[in-house]
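Data block below; observations after.
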Amino acid sequence: MPRVGLVRVACVLLAAACGGCYYPGGPGYSADRYTYESTSWQPWTVALVDTRTEEVVWQQHVPVGYQLVVDFESGGGEKEPSALRPDLMRWQVMPAGRRFGQLESSLAVPPRSARRLDPTFREVPEMPGQVPPPPTAPVQGDVLEAP
């Protein structure tokens with residue numbers, strides 16, 4: 001009988017480790033996955049920066065009551081040998097507290113050694129349902145200003 005108990009415990013631990021995309025606070029291990037949940041007092045805007053050029057590659061405002069989940073995959077981006085953006089970033093804005101789901105948006109991004117997520121807070125308080133200002137779409141050659 002003790003062996004059956006060990007098998008059950010092992011199955012539960014394996015399911016917890018492999019069970020999909022658990023979001024709040026991230027997966028609890030180094031998976032290159034990040035979650036930003038906006039509240040009235042912490043409304044997030046997240047930018048991805050190419051650290052080689054300080055170019056803002058991507059930016060997303062997260063409305064209050066929603067969360068942004070960002071996940072990086074090595075090697076899913078541009079394929080040519082001299083690719084500047086060889087990795088793939090998947091993301092999704094979803095209702096706050098959602099624990100599982102698909103990340104439906106994707107973008108080729110710089111490699112791990114040449115990218116940085118810059119999360120910042122917008123002006124507070126921001127009320128739920130209030131539409132945050134649209135993110136400025138980065139234009140080729142945009143440079144993030146030093147503080």
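The line from OH of Tyr36 to OG1 of Thr120 is 10.5 Å long, rounded to the nearest 0.5 Å. Annotation: the span from Arg98 atom CZ to Glu37 atom CD amounts to 12.5 Å, rounded to 0.5 Å.
Using modelled atom types, one side-chain atom of Arg52 and one backbone atom of Leu84 make a donor-acceptor pair closer than 3.5 Å. No donor-acceptor pair closer than 3.5 Å links the side chain of Ser38 to the backbone N or O of Gly65.
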Taking it one step at a time, do Trp91 and Leu48 satisfy side-chain contact (heavy atoms from CB on, under 4.5 Å)?
CA-CA 12 Å; Trp91 81 92; Leu48 179 73; over 6 Å; no
side-chain contact (heavy atoms from CB on, under 4.5 Å) evaluation trace for Arg116 with Glu54
CA-CA 9 Å; Arg116 177 182 72 234; Glu54 291 299 309; 3.1 Å; yes
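Under the 4.5 Å side-chain heavy-atom criterion for Ile, Leu, Val, Met, Phe, Trp and Tyr, Val46 and Leu107 are members of the same hydrophobic cluster.
Met94 is listed as a side-chain neighbour of Leu103, based on a closest heavy-atom distance under 4.5 Å. Residues Arg85 and Pro110 meet the side-chain proximity criterion, which asks for heavy atoms closer than 4.5 Å.
Ring-plane geometry between Trp44 and Phe121 is classed as tilted, the angle between the planes lying from 30 to 60 degrees on a 0 to 90 degree scale.
Of all the heavy atoms in Ser113 and Thr51, the pair that sits closest is O-OG1, 4.0 Å. Here the closest non-hydrogen pair linking Arg115 and Asp87 is NH1-OD2, 2.9 Å. The two atoms that bring Val64 and Pro43 nearest to each other are CG2-CB, 4.3 Å, heavy atoms only. Minimum interatomic distance between Trp58 and Met89 (heavy atoms only, all atoms of both residues): CD2-CE, 3.4 Å. In terms of heavy atoms, Arg112 sits closest to Asp32 at NH2-OD2, 3.2 Å.
When only modelled atom types and interatomic distance are considered, Arg122 and Thr45 share a side-chain donor-acceptor pair under 3.5 Å.
For Pro125, the side chain to side chain contact (heavy atoms under 4.5 Å, CB included) partners are Trp41, not counting sequence neighbours. Residues forming a side chain to side chain contact (heavy atoms under 4.5 Å, CB included) with Val93 (at least two apart in sequence, or on another chain): Gln60, Pro63, Tyr66, Leu68.
Sorted by first and then second residue, the salt bridge (Lys or Arg N to Asp or Glu O under 4.0 Å) pairs with a member in residues 72-83 read Glu73-Arg90; sequence neighbours excluded.
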